[in-house]
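The block underneath contains the structure these notes are about, expressed in structure tokens.
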2 protein chains.
Amino acid sequence: MPVPLYQAKADFFRTLGHPVRIRVLELLRDGPRPVRELLNEIEVEASNLSQQLAVLRRTGLVSAVREGGSVVYSLATPDIVDLLAAARRILTDMITGQGELLAELQAEAAE
Amino acid sequence: MPVPLYQAKADFFRTLGHPVRIRVLELLRDGPRPVRELLNEIEVEASNLSQQLAVLRRTGLVSAVREGGSVVYSLATPDIVDLLAAARRILTDMITGQGELLAELQAEAAE
DNA sequence: TCGCAATATGAAAAATTCTTCAATTCAACA
DNA sequence: TGTTGAATTGAAGAATTTTTCATATTGCGA
């Protein structure tokens with residue numbers, strides 16, 4: 001397998017490797033949301049959120065449309081939901097038996 | 001959802017966000033391998049590979065056992081295969097129609 | 001026991017990513 | 001037109017991650 005593909009995959013995962021960006025994706029799982037609402041749920045400054053949204057946009061994981069005075073974000077593809085689920089499965093495995101985070105992960109899975 | 005969980009998820013993805021580490025995981029998909037073999041397939045210095053293997057070990061994604069003169073690595077859980085597959089699906093979506101990487105991704109999926 | 005091959009480790013320098021802040025854009029509306 | 005609220009951008013410093021190099025460790029065979 002040629003080199004650039006690894007790079008593309010690594011870049012993709014690296015994009016997910018940030019707490020604010022993960023939170024955005026999880027919030028968007030439930031449907032499109034304006035920036036203002038994301039900002040309500042994520043404790044971070046507006047400009048910082050914007051930076052992270054820009055990263056997600058560049059990577060193509062989310063798309064944004066302007067609606068009147070606000071900008072509404074949504075997931076670019078529903079497959080992202082599967083990915084997050086697969087990640088949770090692994091995280092659960094990894095933490096099982098040793099973990100304070102375990103209860104939280106399980107609670108979330110039951111949602 | 002409390003804060004540390006996002007952190008754990010982000011850390012997890014960040015671990016995958018490195019070309020050498022991705023390659024290692026994909027090679028291990030086909031079964032356990034000694035470091036020496038990984039080194040044959042990945043163009044990187046031995047000490048660099050060791051560093052990346054250490055990251056994967058710390059995160060718990062792989063495990064290592066010593067076998068005589070060599071150290072054999074394997075995936076900690078087969079769920080990782082699902083995760084990589086989900087990622088490929090998304091990457092395919094994202095690149096479709098615009099992409100030089102597309103052919104490679106499809107070839108790989110057909111393996 | 002010596003020496004060699006295979007891996008791992010620690011630490012410093014190089015590179016990348018994050019956060020923050022000031023400045024900017026754009027639409028809505030008085 | 002001017003102002004205001006919503007969101008983005010650019011740039012600089014802070015923080016984190018990668019790479020590299022020198023040095024260790026381990027097990028094996030001479």
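Note that this is a predicted model, so its numbers are computed, not measured. Proteins come first, then strands; the chains are lettered A, B, ... in the order of their sequence lines, and each starts at number 1. These values consider heavy atoms only, across backbone and side chains, with no hydrogens, waters or symmetry-generated copies.
Residues A:L16 and B:L16 are not in side-chain contact: their nearest non-hydrogen atoms beyond the backbone lie 4.5 Å or more apart. Residues A:L25 and A:R29 form no side-chain contact, since every pair of their non-hydrogen atoms from C-beta on lies 4.5 Å or further apart.
Ion pairing between a basic and an acidic side chain is recognised when a charged N comes within 4.0 Å of a carboxylate O; A:R23 and A:E43 show such pairing.
Rounded to an integer number of Å, the gap from A:D11 CG to C:dT16 P is 11 Å. Following rounding to the nearest Å, B:E45 (CD) and C:dA5 (P) show an atom-to-atom distance of 18 Å. To the nearest angstrom, P of C:dT9 lies 13 Å from CG of B:L49. Atom CG of A:N48 is separated from atom P of C:dT19 by 5 Å (rounded to the nearest Å).
Taking the salt bridge (charged side-chain N to carboxylate O under 4.0 Å, His left out) definition, one finds that B:R89 meets it with A:D82, sequence neighbours left out. Partners of B:N40 by side chain to side chain contact (heavy atoms under 4.5 Å, CB included), not counting sequence neighbours: none found. Qualifying salt bridge (charged side-chain N to carboxylate O under 4.0 Å, His left out) partners for B:R14, counting only residues two or more places apart in sequence or in other chains: B:D11. Applying the side chain to side chain donor-acceptor pair (under 3.5 Å) criterion to B:T15, with sequence neighbours excluded, gives B:T59. Here B:Q52 pairs with B:H18, B:V20, B:R21, B:N48, B:V55 under the side chain to side chain contact (heavy atoms under 4.5 Å, CB included) rule; sequence neighbours left out. Partners of B:E45 according to the side chain to side chain donor-acceptor pair (under 3.5 Å) rule, which considers only residues two or more places apart in sequence or in another chain, do not exist here.
For the atom pair B:L53 CG and B:L38 CG, the distance stands at 6.5 Å (nearest 0.5 Å). Atom CD of A:E26 and atom CD1 of A:I42 lie 10.0 Å apart (nearest 0.5 Å). Between the CG atom in A:L28 and the OG atom in A:S63 there is a gap of 9.0 Å [rounded to 0.5 Å]. We find the CG-CZ distance between A:L91 and B:F12 to be 6.0 Å, quoted to the nearest 0.5 Å. Note that CZ of A:R88 is 5.5 Å distant from NZ of B:K9, once rounded to the nearest 0.5 Å.
Boundaries of the chain A contact region on DNA chain D are D:dA6 to D:dA11, first to last in 5' to 3' order (nucleotide atom under 4.0 Å from a heavy atom).
Both B:S47 and B:R14 lie near DNA chain C, and the one whose nearest nucleotide falls closer to the 5' end is B:S47. Residue whose closest nucleotide on DNA chain C sits further toward the 5' end, between B:L53 and A:Q52: B:L53.
Residue B:S50 places its side chain closer to C:dT9 than to any other of C:dC21, C:dT9, C:dC18.
Contacts with DNA chain D (heavy atom under 4.0 Å) in residues 30-40 of chain A: A:V35, A:R36, listed by number. Near-neighbour residues of DNA chain D inside residues 59-76 of chain A, defined by a heavy atom below 4.0 Å, number-ordered: A:G69, A:S70, A:V71, A:Y73.
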Protein-nucleotides 11-14 of chain C N/O pairs under 3.5 Å:
residue, atom, partner, partner atom, Å
C:dA11, N6, B:Q51, NE2, 3.3

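Shortest non-hydrogen contact noted between B:V44 and B:L49 is CG1-CB, 3.9 Å.
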Under 3.5 Å, which donor-acceptor pairs do the side chains of residues 68-81 of chain B form with other protein atoms, sequence neighbours left out?
residue, atom, partner, partner atom, Å
B:Y73, OH, B:R57, NE, 3.0
B:Y73, OH, B:R57, NH2, 3.3
B:T77, OG1, A:D93, OD2, 3.3
B:T77, OG1, B:D79, N, 3.0

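Axis angle across the helix from C:dT1-D:dA30 to C:dA30-D:dT1, with five pairs used at each end and values rounded to 10°: 10°.
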